Novice: 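Take this structure, written in structure tokens, and hold onto it; I'll ask about it next.
Computed from heavy atoms alone, side chains included, the values below leave out hydrogens, waters and symmetry copies. Computed from a predicted model, the values in this text were never measured in an experiment.
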Amino acid sequence: MTGEIKVGIIGGTGQLGSAIATAWLESGCVKPRQLWISNRSGTAAGFESWPEITFTASNQLLADACDVILLSVPPALVETVSISAPGKLVLSVMAGVSRERLKTLTGSEKVVRAMSSPAAGKQLAYSPWCAASSLSQEDRDLVQSLLSACGPSDEVQDEQQIEVFTAITGPVPGFAAFFADCIVDYARSNGVDRHIAERAAKQLILSAGQIMAGDTRSPAEHVQEMIDYAGTTAAGLVKLKELGVSDLISEGLDASTERVRTIAGKD
């Protein structure tokens, strides 16, 4: 990110805030001297390697000093981020907090609702975002630059999609870990040592993710390719389809998405 724009993170030493800050710093998107972080203690916990970062216990002091403000606190503590930041670009990764509520909390009309995950610390997060149509192209480019430093990022059409992505991609490793654990349980039931079963399941998730991420084929095309091959994997995939596993997964994701819509309380 060029220029001397100052960027602040309220909640910057929490799990998600610190992961995003690390991605910005390690990618060079934000220079340490450009970054402000506020937390309750005002101390540099976890960021001792970057002494040029400014730390404060005052959210308002950060808001006054910075051009861009990232809100990253637990949804239950949403009211603690109340600041006066008219004219500032406000980017929020707080689950379940609407743009209208963000405007009330900050006094800014330039609010962006996004979602990321702790995988940002490894620049592996997926970070969708949405904003009002009135947001300038310059601000849109800035948001895209900041979130792309954490991994792939896309602007989406509305806040409902942010809620869906919060359920799908926010909980890392979440659903992937659940599938891996099912594999571990199956291997254990067939006499495999737990340590070996866990190594195998983790490697499966790692290799599958890397293969799909670097391939133009869709997940559905990968599945169909295995079914068409008619080998051992095909037998398992066909059985899972017969059992309606896809519908059960959809029900689980519906429950997660509904929780997103209530986790921060009422607007």
Novice: Might you point out which heavy atoms bring K88 and C66 nearest each other, and give the distance in Å?
Specialist: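 Taking every non-hydrogen atom into account, NZ-O, 2.8 Å.
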Novice: State yes or no: do V112 and M115 share one hydrophobic cluster built from I, L, V, M, F, W and Y residues joined by side-chain heavy-atom distances below 4.5 Å, directly or via other members?
Specialist: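 No; tracing contacts between hydrophobic side chains, which count when under 4.5 Å, never links both residues.
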Novice: Check whether F55 and V7 end up in the same hydrophobic cluster, where Ile, Leu, Val, Met, Phe, Trp and Tyr are linked by side-chain heavy atoms less than 4.5 Å apart.
Specialist: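 Yes; V7 is reachable from F55 via cluster members.
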Novice: Does any part of the side chain of D181, heavy atoms only, come nearer than 4.5 Å to the side chain of F179, both counted from C-beta?
Specialist: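 The answer is no; the side chains never approach within 4.5 Å.
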Novice: Is it the case that over 12 heavy atoms from other parts of the model lie below 6.0 angstrom from the CZ atom of R140?
Specialist: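 Check passes, neighbour count above 12.
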Novice: With distance as the sole test, does E109 use its side chain to make a donor-acceptor pair with the main-chain N or O of G87 at under 3.5 Å?
Specialist: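 Judged by distance alone, no pair lies under 3.5 Å.
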Novice: Drop me the distance from D185's CG to N190's CG, to the nearest 0.5 angstrom.
Specialist: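 Going from the CG atom of D185 to the CG atom of N190 covers 11.5 Å.
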Novice: Is the shortest side-chain heavy-atom distance between L89 and D67 below 4.5 Å?
Specialist: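 No, too far: nothing below the 4.5 Å cut-off.
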Novice: Please test R113 against E163 for salt bridge (Lys or Arg N to Asp or Glu O under 4.0 Å), starting from the C-alpha separation and ending with a verdict.
Specialist: CA-CA 10 Å; R113 186 174 171 188; E163 291 163 359; 3.5 Å; yes
Novice: Charged N to carboxylate O under 4.0 angstrom, K31 versus E4?
Specialist: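 The answer is no: the pair does not qualify as a salt bridge.
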Novice: Apply side chain to side chain donor-acceptor pair (under 3.5 Å) to S127 and S116, showing your working.
Specialist: CA-CA 4 Å; S127 304; S116 192; 2.8 Å; yes
Novice: Could you check if a side-chain atom of P128 sits within less than 4.5 angstrom of a side-chain atom of I162, using non-hydrogen atoms only?
Specialist: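 The answer is yes; the side chains approach within 4.5 Å.
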Novice: Count I, L, V, M, F, W, Y as connected when their side-chain heavy atoms are under 4.5 Å apart, and connections chain through other members. Are L62 and V78 then in the same cluster?
Specialist: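 Yes, one cluster joins them.
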Novice: Does CD belonging to E48 count more than 12 external heavy atoms closer than 6.0 Å?
Specialist: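 Atom CD in E48 is crowded, with more than 12 foreign heavy atoms closer than 6.0 Å.
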Novice: Evaluate the side-chain proximity of L146 to V30: yes if any heavy-atom separation is below 4.5 Å, no if none is.
Specialist: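 A side-chain contact under 4.5 Å exists here.
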Novice: Under the salt bridge (Lys or Arg N to Asp or Glu O under 4.0 Å) rule, what do R194 and E198 come out as? Steps first, then yes or no, please.
Specialist: CA-CA 6 Å; R194 175 174 293 279; E198 289 178 351; 3.6 Å; yes
Novice: Keeping D158 on the side-chain end and Q161 on the backbone end, is there a donor-acceptor pair under 3.5 Å?
Specialist: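 Pair found, side chain donor or acceptor close to backbone of Q161.
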Novice: Give a yes or no on whether the backbone of V111 and the side-chain of K103 come within a donor-acceptor separation of less than 3.5 Å.
Specialist: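 Side chain of K103 to backbone of V111: no pair is present.
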Novice: Are side-chain heavy atoms of I168 and Y126 found at a separation under 4.5 Å?
Specialist: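 Side-chain contact under 4.5 Å: no.
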Novice: Just verifying a value: how many Å separate I263 CD1 and E258 CD, rounded to the nearest 0.5 Å?
Specialist: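 CD of E258 is found 12.0 Å from CD1 of I263.
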Novice: Checking the side chain of E221 only, and the main-chain atoms of S218 only, is there a donor and an acceptor separated by less than 3.5 Å?
Specialist: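 Flag set: sc E221 to bb S218 pair under 3.5 Å.
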Novice: For the atom pair CG (L102) and CE (M94), what is the distance rounded to the nearest 0.5 Å?
Specialist: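 If we round to the nearest 0.5 Å, L102:CG and M94:CE are 5.0 Å apart.
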Novice: Looking only at heavy atoms, which two atoms of A85 and S108 are closest? And how far apart?
Specialist: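 Between these two residues, the closest heavy atoms are O-CB, 3.4 Å.
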Novice: Is there a donor-acceptor pair under 3.5 Å between the side chain of Q34 and the backbone N or O of K6?
Specialist: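 Not a single qualifying donor-acceptor pair exists.
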Novice: Between the main-chain N or O of Y186 and the side-chain N or O of S189, is there a donor-acceptor pair closer than 3.5 Å?
Specialist: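 Yes; at least one donor-acceptor contact below 3.5 Å.
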Novice: Hey, could you give me the CZ/CG distance between R99 and L135, rounded to the nearest 0.5 Å?
Specialist: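 R99 atom CZ to L135 atom CG measures 9.5 Å (nearest 0.5 Å).
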Novice: Answer yes or no: is there a side-chain heavy-atom contact under 4.5 Å between V90 and K110?
Specialist: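 Not in contact.
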Novice: Can you name the closest pair of heavy atoms from S38 and S58 and give their distance?
Specialist: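 Smallest heavy-atom distance, with atoms named: CB-O, 4.3 Å.
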Novice: Do V93 and L25 sit in the same hydrophobic cluster, where Ile, Leu, Val, Met, Phe, Trp and Tyr count as joined when their side-chain heavy atoms come under 4.5 Å apart?
Specialist: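 They do share one cluster, since a chain of ILVMFWY contacts under 4.5 Å joins V93 to L25.
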Novice: Could you check I183 against L204 for side chain to side chain contact (heavy atoms under 4.5 Å, CB included), going step by step and ending with a plain yes or no?
Specialist: CA-CA 10 Å; I183 292 173; L204 169 65; 3.3 Å; yes
Novice: Testing the basics here: between G12 and F47, what is the closest heavy-atom pair and its distance to 0.1 Å?
Specialist: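 Here G12 and F47 meet closest at O-CE1, 3.6 Å.
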Novice: Please report the shortest heavy-atom distance between L253 and A167, naming the atom on each side.
Specialist: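 Nearest heavy atoms, L253 then A167: O-CB, 4.2 Å.
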Novice: About how many Å separate CD of Q137 and CG of L142, when rounded to the nearest 0.5 Å?
Specialist: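 Between atom CG of L142 and atom CD of Q137 there are 11.5 Å.
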Novice: Between S145 and D141, is there a donor-acceptor pair closer than 3.5 Å when you use the side chain of the first and the backbone of the second?
Specialist: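 No: the side chain of S145 does not pair with the backbone of D141.
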Novice: Less than 4.5 Å apart, any side-chain heavy atom of M212 and any of R217?
Specialist: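 Not in contact.
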Novice: Applying side chain to side chain donor-acceptor pair (under 3.5 Å), can you list everything that pairs with T43, at least two apart in sequence or on another chain?
Specialist: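 Listed in chain order: S41.
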Novice: Calculate, to the nearest 0.5 Å, the distance between atoms CD and SG belonging to E26 and C150 respectively.
Specialist: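 Reported value, rounded in 0.5 Å steps: 11.0 Å.
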Novice: Flag the pair R101 and E79 as a salt bridge only when some basic side-chain nitrogen lies within less than 4.0 angstrom of an acidic carboxylate oxygen.
Specialist: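 A salt bridge links R101 with E79.
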Novice: Run the side chain to side chain contact (heavy atoms under 4.5 Å, CB included) check on L71 and T106 step by step: do they pass?
Specialist: CA-CA 10 Å; L71 306 180; T106 65; 4.1 Å; yes
Novice: Are any non-hydrogen side-chain atoms of K241 and V238 less than 4.5 angstrom apart?
Specialist: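 No, too far: nothing below the 4.5 Å cut-off.
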Novice: Can you list the steps and then say if T54 with I37 is a side chain to side chain contact (heavy atoms under 4.5 Å, CB included)?
Specialist: CA-CA 6 Å; T54 301; I37 290 177; over 6 Å; no
Novice: Applying side chain to side chain contact (heavy atoms under 4.5 Å, CB included), run through L70 and I10 and close with a yes or a no.
Specialist: CA-CA 6 Å; L70 174 69; I10 295 178; over 6 Å; no
Novice: Give a yes or no on whether I69 and W36 share a hydrophobic cluster (residues Ile, Leu, Val, Met, Phe, Trp, Tyr; joining criterion: side-chain heavy atoms under 4.5 Å apart).
Specialist: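 Yes; W36 is reachable from I69 via cluster members.
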Novice: Are W129 and Q144 close enough that a side-chain donor and a side-chain acceptor fall under 3.5 Å?
Specialist: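 Judged by distance alone, the side chains do pair up.
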Novice: Which heavy atom in I9 sits nearest to a heavy atom in S72, and how many Å separate them?
Specialist: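 So the two residues come closest at CG2-CB, 4.4 Å.
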